[in-house]
Each structure stands twice: as C-alpha cells, then as structure tokens.
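Below is one structure, written out as structure tokens; comments come after it.
All values below were derived from every heavy atom in this structure, side-chain atoms included, with hydrogens, water molecules and symmetry-related copies excluded.
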Amino acid sequence: MTLPTIRVHWLNESRAFRVLWLLDHLKLDYEIIPYKRDEGHRAPESLKKIHPLGRSPLVEIEDKSTGKKKILAESGYIFQYILQHFDQSNILNNTDADMSEKIQYYLHYVEGSLQPPLMIEYLLSMVQKAPIPFPISYLAGKITGKISEKYSSGELKSQLDFVEGEISKNRGYLVDGKLSGADILMSFPLQMAFQRGFAKPADYPNIQSWMKIITSLDSYSVSKDKANALGGKF
C-alpha cells in the first residue's frame with residue numbers, strides 16, 4: 001500500500017511539536033510547512049488558508065494517486081487518525097482492546113480535563129506579570145489570586161494527582177507499562193505545569209521519572225532538532 005503524503009503545518013512555540021514527535025517515532029515520512037507567530041504572539045493569518053480557525057497543529061493528508069486532500073485539526077483527533085491509519089504495527093497503539101480504549105481516553109482527556117485549568121493558571125499569571133499601574137495592579141493581583149485559589153490551582157492539582165497515580169499503577173507509563181501515543185500527547189501540558197511553576201517537581205516523582213524517560217528517546221531528539229531548526233525553543 002502506498003502511503004499518502006503527510007504535511008504538518010507547524011507553528012513555532014506551539015503544541016504542534018507533539019505531532020512531529022509522533023510521526024518521527026512511527027518513522028513516517030512527512031513534510032513540515034513552518035509558520036511563525038506575529039508580534040502579538042498570534043498565529044499568522046496565512047494559517048486560515050489551510051483551516052478556517054487558523055490554529056496549529058494542522059496535518060494535511062494527500063492521496064498520491066488521486067490528489068485528494070484531507071485536513072486534520074485538533075491534536076487529539078490528529079493523534080487518533082495517525083494511530084488508526086499509520087500504526088499498523090502497534091508501535092504506539094495496543095493490541096489489547098481495553099488498553100487501546102485507554103489510549104483513546106487520554107487523547108480526549110488531555111484537552112478536555114488537563115489543559116483547561118493549566119491554561120487558566122497561565123492566563124492569570126500573565127495578568128499578574130502585566131505592566132499595570134498601581135493600584136490597578138494590586139486589585140488585579142487580588143482578583144487573579146482568588147480565581148486561582150477557588151478554582152484553577154486546586155483543579156490542576158487534582159489532575160496532576162490523578163496522572164501521578166496512573167503512572168504509578170501502570171509501571172512508569174500511562175497505559176500498560178509501555179510507551180503509547182497517550183504519553184507523547186500528554187507530554188506538553190505536564191512539561192508546562194512544571195516549567196511555569198504551577199507545580200513542584202518534588203511533589204510528583206512519578207511524573208518526573210516518566211518525563212525523563214520519554215524525553216530521552218531518540219525520536220524526541222530528532223523532532224526537537226527539526227523544531228529548533230525552524231525557530232522552536234527547547
């Protein structure tokens with residue numbers, strides 16, 4: 001079977017890195033079409049020519065015989081599609097039906113449960129760092145602090161506690177004691193939680209050990225080099 005052409009519409013400083021990592025680990029050939037954020041740190045308007053929402057990652061699948069193209073959007077769906085159509089050897093999938101379903105669960109969990117409180121914490125931290133004059137800055141700090149205290153910080157802790165326990169129960173990984181697509185997709189929000197200071201590494205030793213293992217993979221280094229060459233930051 002002739003594989004289609006795979007193109008990744010990749011935006012610097014975005015979650016699109018995980019798609020490169022997924023494809024590199026599966027040893028699939030693909031093209032990268034790079035985009036750079038504008039001065040306002042927004043995605044360029046040119047991405048809207050590929051998909052109306054103009055967000056990254058976007059994956060373009062082109063049938064080599066017919067020229068028919070398909071655009072995949074949303075990280076979880078992209079992973080689901082790639083694993084279903086291109087991981088016939090179950091490198092990042094699982095032959096056990098229950099374990100395969102668990103991988104699918106995490107593909108939805110990342111954006112549906114883990115990412116929202118993390119994003120709120122990030123936005124609140126941006127308000128606190130913004131160059132706002134006193135006394136408005138004082139009031140903004142009080143308000144954002146209350147929002148974090150009453151909702152997002154506690155919710156994020158619940159999510160991280162859950163992941164910590166899942167890794168402990170699954171022999172160092174998220175599913176069945178081995179690397180899966182779920183681990184790659186989950187990497188970004190968990191890295192950000194610690195890099196941005198929303199969680200202390202010492203409180204989550206299993207996540208820290210898991211992170212060290214998966215980021216030591218050759219496929220991670222290969223993808224990181226590609227991203228760095230295009231303006232990514234690691």
Once rounded to the nearest 0.5 Å, what's the spacing between atom [atom1] of [X] and atom [atom2] of [Y]?
| X | Y | atom1 | atom2 | result |
| --- | --- | --- | --- | --- |
| Q115 | S75 | CD | OG | 9.0 Å |
| I167 | Y204 | CD1 | OH | 11.5 Å |
| D29 | L3 | CG | CG | 8.5 Å |
| L11 | R42 | CG | CZ | 10.0 Å |
| L114 | M192 | CG | CE | 12.0 Å |

Below 4.0 angstrom, N of the basic side chain to O of the carboxylate: do [X] and [Y] qualify?
| X | Y | result |
| --- | --- | --- |
| K226 | D24 | yes |
| K157 | E121 | no |
| E111 | R18 | yes |
| E60 | K70 | no |

Do [X] and [Y] touch side chain to side chain, with heavy atoms closer than 4.5 Å?
| X | Y | result |
| --- | --- | --- |
| P57 | W10 | no |
| K102 | E166 | yes |
| E31 | I6 | no |

- Query: Would you call the rings of Y220 and F17 parallel, tilted or perpendicular, where under 30° means parallel and over 60° means perpendicular?
  - Reply: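 Ring orientation of Y220 relative to F17: perpendicular.
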Donor-acceptor pair, side chain of [X] and main chain of [Y], under 3.5 angstrom:
| X | Y | result |
| --- | --- | --- |
| R171 | D176 | yes |
| Q88 | H85 | yes |
| D87 | L92 | yes |
| T215 | M211 | yes |
| D183 | S180 | yes |
| S219 | H25 | no |
| D63 | G67 | no |
| S187 | I184 | yes |
| S56 | H9 | yes |
| N94 | D96 | yes |

- Task: May I ask you to establish whether R196 and Y122 are in a cation-pi arrangement, using a distance under 6.0 Å from NZ or CZ to the six-membered ring centre and at most 45° from the ring axis?
- Result: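 Output yes; distance and angle both within limits.
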- Message: Taking atom CD as the centre, does E74 end up with more than 12 heavy-atom neighbours from other residues, nucleotides or ligands that are less than 6.0 angstrom away?
- Response: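 Atom CD in E74 is not packed in, count stays at 12 or less.
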- Message: A quick test of your reading: do over 12 heavy atoms of other residues, nucleotides or ligands sit less than 6.0 Å from CG of D38?
- Response: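 Yes, the 6.0 Å shell around CG holds more than 12 heavy atoms from other groups.
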- Query: Do I213 and Y173 pass the side chain to side chain contact (heavy atoms under 4.5 Å, CB included) test, and can you show the C-alpha distance, the side-chain angles, and the key distance before you say yes or no?
  - Reply: CA-CA 9 Å; I213 290 170; Y173 292 90; 3.3 Å; yes
- For Q80 and Q84, test the side chains for any donor-to-acceptor distance below 3.5 angstrom and give the result as yes or no.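 Side chains of Q80 and Q84: no pair found under 3.5 Å.
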- Ring centre gap for F79 and Y106 strictly below 6.0 Å: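 No; Y106 has its ring centre 6.0 Å or more from that of F79.
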